[in-house]
Amino acid sequence: MECIKEVKDGILHLKLSGDLIGESNGSELVEWVNDALTEGIVNCILNISNVRYINSSGIGVLITILTKLRDKNGDLYIVQPSDHVNKLFIMAKLQAIFNIAESESEALEKIK
């Protein structure tokens, strides 16, 4: 998995590509969120449009990130899940707990 990380206007932006396998790369994502929280950043836009596959550990990572952000009165905004990932969210009933947006601009509107 590859990840581009940047902070814009007090929001952590992460753009992932490849496979989100929790055992392999989840701890790095959680660490980045922890660092952002330390700096007072409580919202994260996670663009997963180029993520092909997420395993159960990867879903666990997303839930961990969501919980950490919500504990600080922030939130996680997931942008453009692929059809495969979206079907997984629906089957696991995760679309009800995640904020899912079609674009980063839509996610920004939800934050404001």
Side-chain angles (χ1 to χ4, degrees):
M1 182 190 78
E2 292 180 24
C3 184
I4 298 170
K5 174 184 83 156
E6 66 180 324
V7 175
K8 290 191 286 192
D9 299 322
I11 300 167
L12 177 63
H13 292 256
L14 300 173
K15 184 167 185 167
L16 307 182
S17 58
D19 298 335
L20 178 53
I21 312 286
E23 304 89 1
S24 302
N25 39 39
S27 60
E28 184 176 31
L29 292 174
V30 172
E31 187 176 313
W32 287 341
V33 170
N34 285 335
D35 291 346
L37 289 169
T38 300
E39 295 173 19
I41 298 166
V42 297
N43 288 303
C44 177
I45 294 177
L46 179 64
N47 187 321
I48 60 171
S49 59
N50 293 319
V51 171
R52 298 177 303 233
Y53 172 79
I54 298 178
N55 71 356
S56 59
S57 294
I59 290 173
V61 168
L62 295 179
I63 292 171
T64 297
I65 291 170
L66 176 72
T67 302
K68 287 179 173 291
L69 293 168
R70 285 190 178 166
D71 283 348
K72 299 292 184 182
N73 296 316
D75 220 328
L76 174 65
Y77 299 84
I78 297 177
V79 175
Q80 294 181 316
S82 67
D83 287 341
H84 170 75
V85 172
N86 205 35
K87 286 177 187 172
L88 177 64
F89 284 170
I90 291 168
M91 286 189 316
K93 301 198 184 315
L94 295 174
Q95 83 280 11
I97 64 166
F98 287 122
N99 287 304
I100 299 174
E102 291 301 314
S103 66
E104 289 195 21
S105 58
E106 181 183 326
L108 287 169
E109 285 298 316
K110 288 182 177 187
I111 292 171
K112 296 175 181 176

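No continuous path of hydrophobic side-chain contacts links I21 to L29 [ILVMFWY only; heavy atoms under 4.5 Å]. In terms of hydrophobic clustering, with Ile, Leu, Val, Met, Phe, Trp and Tyr side chains grouped at heavy-atom distances under 4.5 Å, M1 and V85 are assigned to a common cluster. Residues W32 and V7 share a hydrophobic cluster, clusters being chains of Ile/Leu/Val/Met/Phe/Trp/Tyr side chains in contact below 4.5 Å. Cluster annotation: I4 is not connected to L14 through the hydrophobic network of ILVMFWY side chains, with a link wherever side-chain heavy atoms come within less than 4.5 Å. Linking ILVMFWY side-chain heavy atoms closer than 4.5 Å, directly or via other members, places L20 and I97 in a single hydrophobic cluster.
Counting heavy atoms from C-beta outward, V42 and L37 have side chains that approach closer than 4.5 Å. Under the 4.5 Å side-chain criterion, counting only non-hydrogen atoms from C-beta, N43 is in contact with D75. Residues H13 and N47 form no side-chain contact, since every pair of their non-hydrogen atoms from C-beta on lies 4.5 Å or further apart. Using a 4.5 Å cut-off on side-chain heavy atoms (C-beta onward), K5 and L12 make contact.
D35 pairs by the salt bridge (charged side-chain N to carboxylate O under 4.0 Å, His left out) definition with nothing, not counting sequence neighbours. Residues satisfying the side chain to side chain donor-acceptor pair (under 3.5 Å) criterion with S105, sequence neighbours excluded, are S103. Among residues two or more places apart in sequence or in another chain, the side chain to side chain donor-acceptor pair (under 3.5 Å) test is passed with K15 by none. Every side chain to side chain contact (heavy atoms under 4.5 Å, CB included) that E2 has, sequence neighbours left out, goes to S17. For the salt bridge (charged side-chain N to carboxylate O under 4.0 Å, His left out) test, no residue two or more places apart in sequence or in another chain qualifies with K93. In this structure, the salt bridge (charged side-chain N to carboxylate O under 4.0 Å, His left out) partners of E106, at least two apart in sequence or on a different chain, are K110. Remark: K87 pairs with no residue by the side chain to side chain contact (heavy atoms under 4.5 Å, CB included) rule, at least two apart or across chains. Partners of S27 by side chain to side chain contact (heavy atoms under 4.5 Å, CB included), not counting sequence neighbours: none found. Evaluation of the side chain to side chain donor-acceptor pair (under 3.5 Å) rule for D19 yields R52 as partners, not counting sequence neighbours. Take E31 and apply the salt bridge (charged side-chain N to carboxylate O under 4.0 Å, His left out) test, not counting sequence neighbours, and it matches no residue.
Residue D71 places its CG atom among more than 12 non-hydrogen atoms of other residues, nucleotides or ligands, all under 6.0 Å distant.
In this structure, the separation between OG1 on T67 and CG on L62 is 10.5 Å, given to the nearest 0.5 Å. Of the inter-residue distances, the one linking N99 atom CG with R70 atom CZ reads 6.0 Å to the nearest 0.5 angstrom. Annotation: the span from L66 atom CG to L46 atom CG amounts to 11.0 Å, rounded to 0.5 Å. Once rounded to the nearest 0.5 Å, the distance linking SG of C44 with CG of L76 reads 5.5 Å. Note that the NZ atom of K68 and the CD1 atom of I63 stand 14.0 Å from one another [nearest 0.5 Å]. Taken to the nearest 0.5 Å, the CD1 atom of I78 stands 11.0 Å off from the CD atom of Q95.
Considering every non-hydrogen atom in both P81 and A101, the closest pair reads CD-O, 4.4 Å.
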In a table with atom names and distances, give each donor-acceptor pair under 3.5 Å that connects a side chain of residues 53-61 to protein atoms at least two apart or in another chain.
residue : atom : partner : partner atom : Å
N55     : OD1  : G22     : N            : 3.3
N55     : OD1  : S57     : N            : 3.2
N55     : OD1  : G58     : N            : 2.7
N55     : ND2  : E23     : OE1          : 3.1
S57     : OG   : E23     : OE2          : 2.7

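In the hydrophobic clustering, where aliphatic and aromatic side chains (Ile, Leu, Val, Met, Phe, Trp, Tyr) are joined below 4.5 Å either directly or transitively, I111 groups with I11, I45, Y77, V79, L108.
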